[in-house]
**Q** 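There's a structure below that I have some questions on.
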Protein chains: 2
Amino acid sequence: MSQTLDVGGENGSQPDFGLARPPLAVQLSDMLREMILEGALPGGEKIREKDLTVRFGVSRTPLREAMKVLAAEGLIELIPNRGAIVSRHSVEDLADVFPVLASLERLAGELAAVRATDAEIERICTLTANLGQTVEGANRPQYFKINQAIHDAILAASGNETLIRTHATIAGRVHRARYQANLTKSRWERALEEHGRIADALKKRDGARLGALLNEHMLAKLSSILDALQAGETGT
Amino acid sequence: MSQTLDVGGENGSQPDFGLARPPLAVQLSDMLREMILEGALPGGEKIREKDLTVRFGVSRTPLREAMKVLAAEGLIELIPNRGAIVSRHSVEDLADVFPVLASLERLAGELAAVRATDAEIERICTLTANLGQTVEGANRPQYFKINQAIHDAILAASGNETLIRTHATIAGRVHRARYQANLTKSRWERALEEHGRIADALKKRDGARLGALLNEHMLAKLSSILDALQAGETGT
DNA sequence: CTATTGAATTATGAATTCATTTTTAATGTC
DNA sequence: GACATTAAAAATGAATTCATAATTCAATAG
């Protein structure tokens, strides 16, 4: 856990082929976001700038910029002259976030049904078919990957930049929870069924139905996650 | 338009009774957000840090922090080593933002119908009644104020922090457009009718209906705004 | 022994300074 | 005259330094 960035330092080994590395502030916000979502920085914990600067080996300037971003995303809370604390992201938080995601995906479905190109629909149907194969092969990582690709494709097909952006920001907050969710076989198969109906509604360009299906799909995912948490208590 | 912050400077006139003034970065992000939404910084325009620092009389450090926040909100776009440009917020952008807001308010309505306390419902009904009086008195500013109070109250009654937060961020982006929208008398009266139905659905705790009404209400508002823009072209 | 005050320490806010990248302009060559 | 190369200028990225507010802790009064 004592990783260091070591950017701009004395690393003469990596030739650095002009691949523009992102600014420190971006790297830091990405890393901090990851840490918060992973639980490395528990909710309610006070963040001391100095600690993080020595931990990452950077100065306070880019770190503070990164913290502003995380605050705008709601992951931390900045209190003037008094530092920052990590926002609490508990089970209740999942119950807050998923309905919002479900609502946004409903809109995405309604829009995509109207605006999606035939090629986009084709692609989503193909992805849905591939999804079935992963269930047969019990390939969870692949399932997760394709599942996300489908949702992203529907969002993209909505053609609404604000919607895409908002969804991406909020979805990032539950990324981890979504991944370690689809445990049971029964839920897995049911999710596959739901995806089949989703693809079908899209093919028929039935916006109302597609929206409703996506909404229910996300809420069902929330249920399964809550069940898994309650049953296993598989906290890292 | 050449306002200056002049905070922490040599203003011996204002004794400053310990009322904690917000950090410069916050003041700057608020001010820049306002400027962008007001059109003082047109979409597509390149932002030079130096220009703004001399304009506001601050150093680059807090300004850059403010810009990170605006970038997280989607109001500007940061390009590494190449500065920032103001995101384009055109008519199409309104057409993007309002459906998202409508979708979020639909969810708010569905949740509020279940979770709102009787006192909250009471208050919203009272506000709705007051709204009618403003129409009779042709008091536009008051109408706008109460209207927003109603929407905020429904959001608050949803009890979903993520929803409240997300809505607030996005709503801020069209604040101005909403204000200069309700021009025509006919639209005004129709909006009042809609609010009556909204209050009614809430009183009956009919979530599906309340959600649908709020969704339609926002989409109707978008239509009226687009009509007004197309007709009058009343750009400041 | 407890509570309060005040100095010392520590943390955050903001300006300045240094480093790197990009852009601009100029010069030279073809 | 057009294009490429390169030096100068300007802008952004990041570290350091200075200023101010908050916290800690010891000393003293009650």
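Computed from a predicted model, the values in this text were never measured in an experiment. Numbers restart at 1 for each chain; the letters A, B, ... are given by sequence-line order, proteins then strands.
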**Q** Could you pick out which residue, P80(A) or P23(A), lies toward the 5' side of DNA chain D when each is mapped onto its nearest nucleotide?
**A** P23(A)

**Q** Are any side-chain N or O atoms of D96(B) and backbone N or O atoms of N160(A), one a donor and one an acceptor, separated by less than 3.5 Å?
**A** no

**Q** Sequence neighbours excluded, which residues qualify as side-chain hydrogen bond (donor to acceptor under 3.5 Å, both in side chains) partners of R33(B)?
**A** D30(B), E73(B)

**Q** Please enumerate all residues that pass salt bridge (charged side-chain N to carboxylate O under 4.0 Å, His left out) together with E49(A), with sequence neighbours excluded.
**A** R60(A), R64(A)

**Q** Considering only side-chain heavy atoms of T61(B), which listed nucleotide, dT12(C), dT16(C), dA14(D), is closest?
**A** dT16(C)

**Q** Grab the CD-C1' distance between E49(B) and dA15(C) for me, whole Å please.
**A** 14 Å

**Q** Could you check whether R48(A) gets within reach of a base, just the sugar-phosphate, or nothing at all, counting any heavy atom under 4.0 Å?
**A** sugar-phosphate

**Q** With heavy-atom distances below 4.5 Å as the criterion, would you say the side chains of I225(B) and F98(B) are in contact?
**A** yes

**Q** Output the residues of residues 62-79 of chain A in contact with DNA chain D, where contact means a heavy atom of the residue under 4.0 Å from an atom of the strand; sort by number or write none.
**A** P62(A)

**Q** Is a donor-acceptor contact shorter than 3.5 angstrom present between the side chain of S59(B) and the base of dA14(C)?
**A** no

**Q** Would you kindly give the NZ-to-C1' distance between K50(B) and dA9(D), to the nearest whole Å?
**A** 12 Å

**Q** Can you give the donor-acceptor pairs under 3.5 Å from side chains of residues 99-106 of chain B to other protein atoms, not counting sequence neighbours?
**A**
unit_1	atom_1	unit_2	atom_2	d
S103(B)	OG	S103(A)	O	3.1
S103(B)	OG	S103(A)	OG	3.3
E105(B)	OE1	H151(B)	ND1	2.7
E105(B)	OE2	H151(B)	ND1	3.4
E105(B)	OE2	H167(B)	NE2	2.9
R106(B)	NH2	E110(A)	OE2	3.0

**Q** Detail all sub-3.5 Å separations between protein N/O atoms and N/O atoms belonging to nucleotides 23-25 of chain D.
**A**
none

**Q** Who are the salt bridge (charged side-chain N to carboxylate O under 4.0 Å, His left out) partners of R48(A), not counting sequence neighbours?
**A** D51(A)

**Q** Answer yes or no: is there a side-chain heavy-atom contact under 4.5 Å between I154(A) and I198(A)?
**A** yes

**Q** Ignoring hydrogens and geometry beyond distance, is the side chain of R21(B) in donor-acceptor contact with the base of dG13(C) at under 3.5 Å?
**A** no

**Q** Does the side chain of R88(A) come within less than 4.5 Å of D93(A)'s, by heavy atoms?
**A** no

**Q** Between the side chain of E120(B) and the main-chain N/O of A153(B), is any donor-acceptor distance below 3.5 Å?
**A** no

**Q** Tell me: CZ of R60(A) to P of dT16(D), nearest whole Å?
**A** 12 Å

